[in-house]
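Here the structure comes first, spelled out in structure tokens, and everything after it is commentary.
A, B, ... follow the sequence lines: proteins, then strands. Residue 1 opens every chain. Computed from heavy atoms alone, side chains included, the values below leave out hydrogens, waters and symmetry copies. Note that this is a predicted model, so its numbers are computed, not measured.
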Amino acid sequence: MPTIRQLKRRIGSVKNTAKITNALQLVAASKMRRAQDRATQAQPYAEKLRIVLAGLASKGGDGEGAAHPLLANRPVKNIAILHITPDRGLCGGLNANLNRAAGTFVAMQHEPVSVVAVGKKGRDFFVRAHQHLTAEFTELGDYPTQSDTLGIARVIIDDYLNGVVDRVYVSFPLFVSTAVQRPVVRQLLPIEPPAAEDGATAANLAEEYIFEPSPDDVLARILPRYIEMQIYEAILQNAASFQSAQMVAMKNATDNANELTRELTLTYNKARQEQITKELLDIVGGVEALKGA
Amino acid sequence: MPLTVEIVTAERVVRTEQGIDVLIAPGSEGQLAILPHHAALMTTLDAGELVFRRGAEESGFAVSGGFMEVRNDRVTILADAAEAVEEIDIARAEAARARAEERIKRFREQAGRDVDLARAQASLQRSLLRLRAAERRRRSRPGAPGPAGRP
């Protein structure tokens with residue numbers, strides 16, 4: 001049984017912790033809203049690009065062959081994975097889940113895998129695992145802009161075009177909802193043109209359009225943009241996921257701290273009551289003893 | 001039927017304009033003007049100025065490359081970056097130009113292994129584009145800066 005003084009100190013410390021986690025929760029909540037907005041705002045561009053690319057790819061069907069190096073499926077000798085994680089912790093199981101998903105994926109590959117890490121948590125994980133890191137990008141901030149992510153796309157595309165790697169995957173947390181962020185691993189290169197949801201529309205699209213300068217030129221310009229866009233999107237998802245995971249984790253922490261405070265207060269009151277009773281007994285006992293004398 | 005024009009960048013929808021009569025765009029094969037009932041078109045854009053005309057009113061955007069899709073009097077511009085001409089900060093563009101020129105000069109005098117020539121040139125081109133667009137606008141409407149229509 002801890003003493004009353006120990007209990008009192010413990011309650012104070014738990015209350016302080018609750019104050020901190022509560023503040024972090026509020027900060028994460030407001031940042032989360034903005035991060036989500038940014039992810040939503042990026043969607044029109046992404047959707048449009050996907051539709052156009054699906055249309056172009058279906059048109060390229062007659063020419064075939066390797067229409068563009070970024071579409072070429074080469075024999076796979078080396079693999080790269082772009083591992084996107086937050087820079088910071090205090091976000092529940094998010095980082096652990098991401099690292100586990102990427103780690104499992106890497107372990108399953110038969111070819112050597114090099115890592116391009118975005119975010120400190122993922123970088124540290126692969127450094128600890130002694131995986132080969134080709135590049136790292138950290139401190140992108142809470143609201144990364146597209147120009148922040150262009151360098152990452154550059155590194156990936158260059159390595160692919162120079163034949164350093166033959167296949168590239170991206171691993172990032174897919175923002176499903178505030179409560180759910182799912183780690184996913186997707187193929188980035190070679191580009192697998194998105195299947196149009198409506199196949200007929202895409203085919204018509206390619207038929208009807210006049211392309212300037214030519215379909216191949218448009219394709220050559222669009223493909224790098226498509227990669228940049230996918231990377232930017234993944235990084236926005238990561239930002240939104242981090243803030244929501246942190247908000248939820250901090251809310252749980254605050255709730256736990258409050259619960260603990262309640263329990264400790266109960267124990268403290270009991271102990272205090274006991275002591276008062278004991279003191280009273282002492283006094284009453286003393287009085288009785290005096291009476292007897 | 002007039003045109004509906006949408007300018008979209010990777011970060012957000014920059015502007016949606018309706019009732020446009022003529023759109024002049026910096027196509028990679030040369031400037032092109034889009035009128036209503038244009039055939040479906042998909043083209044790449046170079047860095048340049050995008051001009052909307054609605055009646056006698058004219059407004060401009062500086063874009064730095066991208067794509068343009070025209071279809072059923074709807075024009076979608078997927079720009080790498082876009083900025084409304086009236087929002088261009090001339091002083092900042094001027095400063096960026098001076099900085100870029102300085103860096104290119106350093107490179108020429110080969111003091112510059114620390115200078116990224118490609119980046120400096122790109123940034124020079126960007127600042128010149130913005131200055132040109134802003135300048136053109138100022139001349140077209142003397143003494144009336146801001147987004148108001150032309151008299």
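- Side-chain N/O atoms of A/Asn73 and A/Arg167 include a donor and acceptor closer than 3.5 Å.
- With a 4.5 Å cut-off on non-hydrogen atoms, A/Leu236 does not touch chain B at all.
- Heavy-atom pairs under 4.5 Å with chain B peak, among A/Gln146, A/Gln41, A/Glu212, A/Arg38, at A/Glu212.
- The closest side-chain donor-acceptor pair between A/Thr145 and A/Asp148 falls under 3.5 angstrom.
- Neither the backbone nor the side chain of B/Ala81 comes within less than 4.5 Å of any heavy atom of chain A.
- B/Ile77 does not touch chain A: none of its heavy atoms, backbone or side chain, sits under 4.5 Å away.
- Side-chain atoms of A/Ser171 and A/His83 form a donor-acceptor pair, as typed in the model, at a separation below 3.5 Å.
- Figure legend: A/Arg225 and A/Tyr45 shown without cation-pi pairing, the cationic atom not lying both under 6.0 angstrom from the six-membered ring centre and within 45 degrees of its axis.
- B/Glu29 touches chain A through its side chain: at least one heavy atom from C-beta onward sits under 4.5 Å away, while N, CA, C and O do not.
- Expressed to the nearest 0.5 Å, how far CD1 of B/Ile20 lies from CD of B/Glu58 amounts to 10.5 Å.
- Within the 4.5 angstrom heavy-atom criterion, atoms from both the backbone and the side chain of B/Thr44 approach chain A.
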